[in-house]
J.: 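Can you keep this structure in mind? I'll have questions shortly.
Just so you know, ligand 1 is whichever comes first in the structure, and atom 1 is the first atom listed for that ligand. A quick note: this is a predicted structure, and the numbers were derived from the prediction, not measured.
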Amino acid sequence: MEIKNVMVVGAGQMGGGIAQAFAEAGYNVKLNDIKQEFVDNRLEIISKGLQHQVEKGRLEQQEFEEIMTHLTPSVSYDDAADIDLVVEAATENEKIKLSIFKELDEVAPKEAILASNTSSISITKIAGATKRHTQVIGLHFFNPVHAMKLIELNIGLTTSQETIQVVQKVGESLDKTVIMAKDSAGFVVNRILIPMINEGICVLEEGIASAEQVDEAMRLGSNVPMGPLELADFIGLDVVLSIMQTLSANFGDTKYRPAPLLVKHVEAGMLGRKTGHGFYNYE
Ligand SMILES: NC(=O)c1ccc[n+]([C@@H]2O[C@H](COP(=O)([O-])OP(=O)(O)OC[C@H]3O[C@@H](n4cnc5c(N)ncnc54)[C@H](O)[C@@H]3O)[C@@H](O)[C@H]2O)c1
């Protein structure tokens with residue numbers, strides 16, 4: 001099966017990056033969100049980012065224009081009627097994702113593949129919301145999409161070999177390295193990374209070290225490019241909390257208990273870079 005037409009559902013930070021990656025690789029991309037202004041804002045961000053590349057001499061003006069012609073705004077799932085692949089990158093909330101997949105399943109061509117960029121929600125459960133259990137898969141990108149070379153393919157209990165092969169080829173066509181993981185909460189990277197971030201928040205909360213010291217300690221002591229608290233702000237504290245809650249619900253182990261300080265930040269609407277406040281101030 002050849003993939004040409006892609007719909008990206010959710011024009012947030014991940015959806016925007018994913019849509020751009022597909023458009024740069026020559027796919028026709030519909031970028032969908034619940035409000036026209038969300039889609040327009042994201043297309044504007046993509047356009048400005050690419051224009052910056054042109055100014056720096058890293059991209060030709062013609063290439064920039066070509067990429068933008070591959071991106072079409074959408075605010076209706078009816079636009080999925082002619083797509084080959086959906087990549088859902090909407091809010092990390094099980095109820096929202098199940099309802100999106102149920103609706104898309106009714107509109108998308110019967111051979112189309114429905115993929116989710118979920119960080120932690122069961123692909124098998126998402127597949128269960130559709131009538132095409134074999135054609136649902138996790139296609140998990142990392143943030144920021146243009147810089148991160150990894151894609152995790154998350155294989156549901158019912159995902160077929162054919163779906164895996166098609167989506168693996170698509171992932172590689174975006175110049176990414178593709179690894180496979182069986183469907184399990186958090187898959188590989190977030191199962192390891194998010195509890196580490198949560199522990200960093202516990203260290204701050206217990207007054208063991210300041211935010212700056214926690215981050216510097218981890219940058220210098222474990223050779224990571226970003227410390228856990230700056231990374232949490234970058235990912236979005238709502239996303240981090242949601243993944244911890246999924247790990248906790250799935251494994252029922254107290255080691256996945258979300259740090260109370262993380263919960264408090266989310267309750268306060270301090271979600272990190274995207275709101276201007278998190279463990280650091282960005283205003
Ligand atoms: N932030 C990260 O670092 C990261 C990394 C990998 C994967 N993810 C996953 O990607 C997904 C999106 O995360 P994000 O950080 O881009 O979130 P975000 O909050 O920036 O964007 C989510 C977008 O989804 C839209 N949306 C909500 N309901 C929708 C619906 N019914 N139909 C269409 N659009 C809808 C929202 O309006 C919003 O624009 C989540 O599943 C998250 O777990 C996030």
J.: With heavy atoms of K274 as the reference, note each atom of ligand 1 found under 4.0 Å away.
T.: 19 (O)

J.: Please tell me if the side chains of I113 and R132 come closer than 4.5 Å, counting only heavy atoms from C-beta onward.
T.: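 When only atoms from C-beta onward are counted, R132 and I113 do not touch, as no gap falls below 4.5 Å.
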
J.: Under 4.0 Å, heavy atoms only, figure out whether ligand 1 is touched by the backbone of K97, its side chain, both or neither.
T.: side chain

J.: Check whether NZ of the Lys or CZ of the Arg R273 lies under 6.0 Å from the centre of the six-membered ring of Y280 and within 45 degrees of that ring's axis.
T.: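 Ring-cation test returns no.
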
J.: Does ligand 1 have an atom under 4.0 Å from some heavy atom of R42?
T.: no

J.: Does only the side chain of F141 get under 4.0 Å from ligand 1, or the backbone, or both, or neither? Count heavy atoms.
T.: backbone

J.: Counting only heavy atoms, which portion of H140 has something under 4.0 Å from ligand 1: side chain, backbone, both, or neither?
T.: side chain

J.: Answer with yes or no whether G236 contacts ligand 1, where contact means a heavy atom under 4.0 Å from a ligand atom.
T.: no

J.: For the residue pair Y27 and H70, is the inter-centroid distance of their aromatic rings smaller than 6.0 Å?
T.: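 No, too far apart.
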
J.: Going by distance only, is there an N or O of I96 that falls short of 3.5 Å from an N or O of ligand 1?
T.: no

J.: Check each heavy atom of I243 against ligand 1 and say whether those closer than 4.0 Å belong to the side chain, the backbone, both or neither.
T.: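 Looking at I243 and ligand 1, no heavy atom falls under 4.0 Å.
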
J.: So is there a nitrogen or oxygen of A90 less than 3.5 Å from a nitrogen or oxygen in ligand 1?
T.: yes

J.: Would you mind checking which non-hydrogen protein atom is closest to atom 37 (O) of ligand 1, with the distance to 0.1 Å?
T.: D33 OD1, 2.7 Å

J.: What protein heavy atom sits nearest atom 44 (C) of ligand 1, and how far away is it?
T.: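 In this structure, atom 44 (C) of ligand 1 has M14 CG, 3.3 Å as its nearest protein heavy atom.
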
J.: Out of all atoms in ligand 1, which are within 4.0 Å of some heavy atom of F38? Include the element for each.
T.: 37 (O)

J.: At the 4.0 Å heavy-atom cut-off, does F234 count as touching ligand 1?
T.: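 False for this residue.
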
J.: Which heavy atom of the protein is the closest neighbour of atom 18 (P) of ligand 1, given with residue, atom name and distance?
T.: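 So the nearest neighbour among protein heavy atoms is G12 CA, 4.1 Å.
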
J.: Which protein heavy atom lies closest to atom 31 (N) of ligand 1, and at what distance to 0.1 Å?
T.: Y77 OH, 3.0 Å

J.: Any nitrogen or oxygen of S119, side chain or backbone, less than 3.5 Å from one on ligand 1?
T.: yes

J.: Which one holds for I100 and ligand 1: side chain close, backbone close, both close, or neither close, with close meaning a heavy atom under 4.0 Å?
T.: side chain

